[in-house]
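Have a look at the structure below before the remarks.
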Amino acid sequence: ETGVTQTPRHLVMGMTNKKSLKCEQHLGHNAMYWYKQSAKKPLELMFVYSLEERVENNSVPSRFSPECPNSSHLFLHLHTLQPEDSALYLCASSQGQSSYNEQFFGPGTRLTVL
Amino acid sequence: SQKIEQNSEALNIQEGKTATLTCNYTNYSPAYLQWYRQDPGRGPVFLLLIRENEKEKRKERLKVTFDTTLKQSLFHITASQPADSATYLCALALHYAGNMLTFGGGTRLMVKP
């Protein structure tokens, strides 16, 4: 595997379910990001991790819980979501959180909340 | 808060012509702007970065300009091809925000043969 991978690619869940999204980067980067992309809305930054420490939260509801066990892996734990949380969730990585480097995105997880 | 506007309407052009996409921002001047391409069902792919002290950047058929007075960046694709059809996103980073990007809504480009 190369680049940034995300699993699952598609997820359908009920409002009472608990699920997790997984992201893995094979680029040796030390910063990772979660974004939300809803229909007809810009990409929204949710969480930023640099050197495995959370740097930015951006006032995301507590029903979204990130976890970064090491510099290559990032999880987004989901519980008691709402239908309006249905969106494409994108993971990205970069070399350095405070530099001018490009971000490499994964293919995303298409989440549908029923 | 920073607001970024891109043409929300799709841009349709004929193959071989130059496509010009606009990115306007309000409030603070960004440290730099990035442009990404996104195809349906895929994550964005980085294309170009331009810093606040740069007027123009080029990469093959792509050109980006940055006018801090107008608070605007223009993205040009010369000799456009149907394979250039995609959504193009601009993103900016503020001086204090490191690599945390604020994205525009994107412009969908359709290049017709």
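In what follows, chains are A, B, ... by sequence order, proteins preceding strands, each numbered from 1.
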Below 4.5 Å from any heavy atom of chain B, which atoms of [X] appear? Answer side chain, backbone, both or neither.
| X | value |
| --- | --- |
| A:Tyr35 | side chain |
| A:Arg9 | side chain |
| A:Gln6 | neither |
| A:Leu88 | side chain |

query = With respect to chain B, which residue among A:Ala92, A:Pro107, A:Cys91, A:Gly108 yields the maximal number of heavy-atom pairs within a distance under 4.5 Å?
reply =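 Ranked by heavy-atom pairs under 4.5 Å with chain B, first place is A:Pro107.
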
Starting from [Y], can I reach [X] by hopping between I/L/V/M/F/W/Y residues whose side chains sit under 4.5 Å apart?
| X | Y | result |
| --- | --- | --- |
| B:Phe66 | B:Leu74 | no |
| A:Phe75 | A:Met32 | no |
| A:Leu11 | A:Met15 | yes |
| B:Leu49 | A:Phe104 | no |
| B:Leu47 | A:Val4 | no |

ask   = Of all heavy-atom pairs between B:Leu101 and A:Leu45, which one has the smallest distance, and what is that distance?
value =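 The answer is O-CB, 4.4 Å.
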
task = Tell me, for B:Leu89 versus chain A, whether the close heavy atoms (under 4.5 Å) come from the side chain, the backbone, both or neither.
result =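 Just its side chain gets close to chain A.
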
key: Interface moiety of B:Gln6 toward chain A, non-hydrogen atoms closer than 4.5 Å   =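 Contact with chain A involves no heavy atom of B:Gln6 at all.
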
[X] atom [atom1]: more than 12 heavy-atom contacts under 6.0 Å:
| X | atom1 | result |
| --- | --- | --- |
| A:Lys19 | NZ | no |
| A:Glu84 | CD | yes |
| B:Gln14 | CD | yes |

task = Under the side chain to side chain contact (heavy atoms under 4.5 Å, CB included) rule, what do A:Leu90 and B:Arg42 come out as? Steps first, then yes or no, please.
result = CA-CA 9 Å; A:Leu90 289 159; B:Arg42 299 194 172 200; over 6 Å; no

Sub-4.5 Å side-chain heavy-atom contact between A:Phe105 and B:Phe46 =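 In short, these two side chains do not touch, never coming nearer than 4.5 Å.
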
task = Identify which of B:Ala93, B:Gly43, B:Pro44, B:Gly41 forms the greatest number of heavy-atom pairs closer than 4.5 Å to chain A.
result =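 The candidate making the most pairs under 4.5 Å is B:Pro44.
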
ask   = Between the side chains of B:Gln34 and A:Gln103, does any donor sit under 3.5 Å from an acceptor?
value =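 Absent: no donor and acceptor within the cut-off.
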
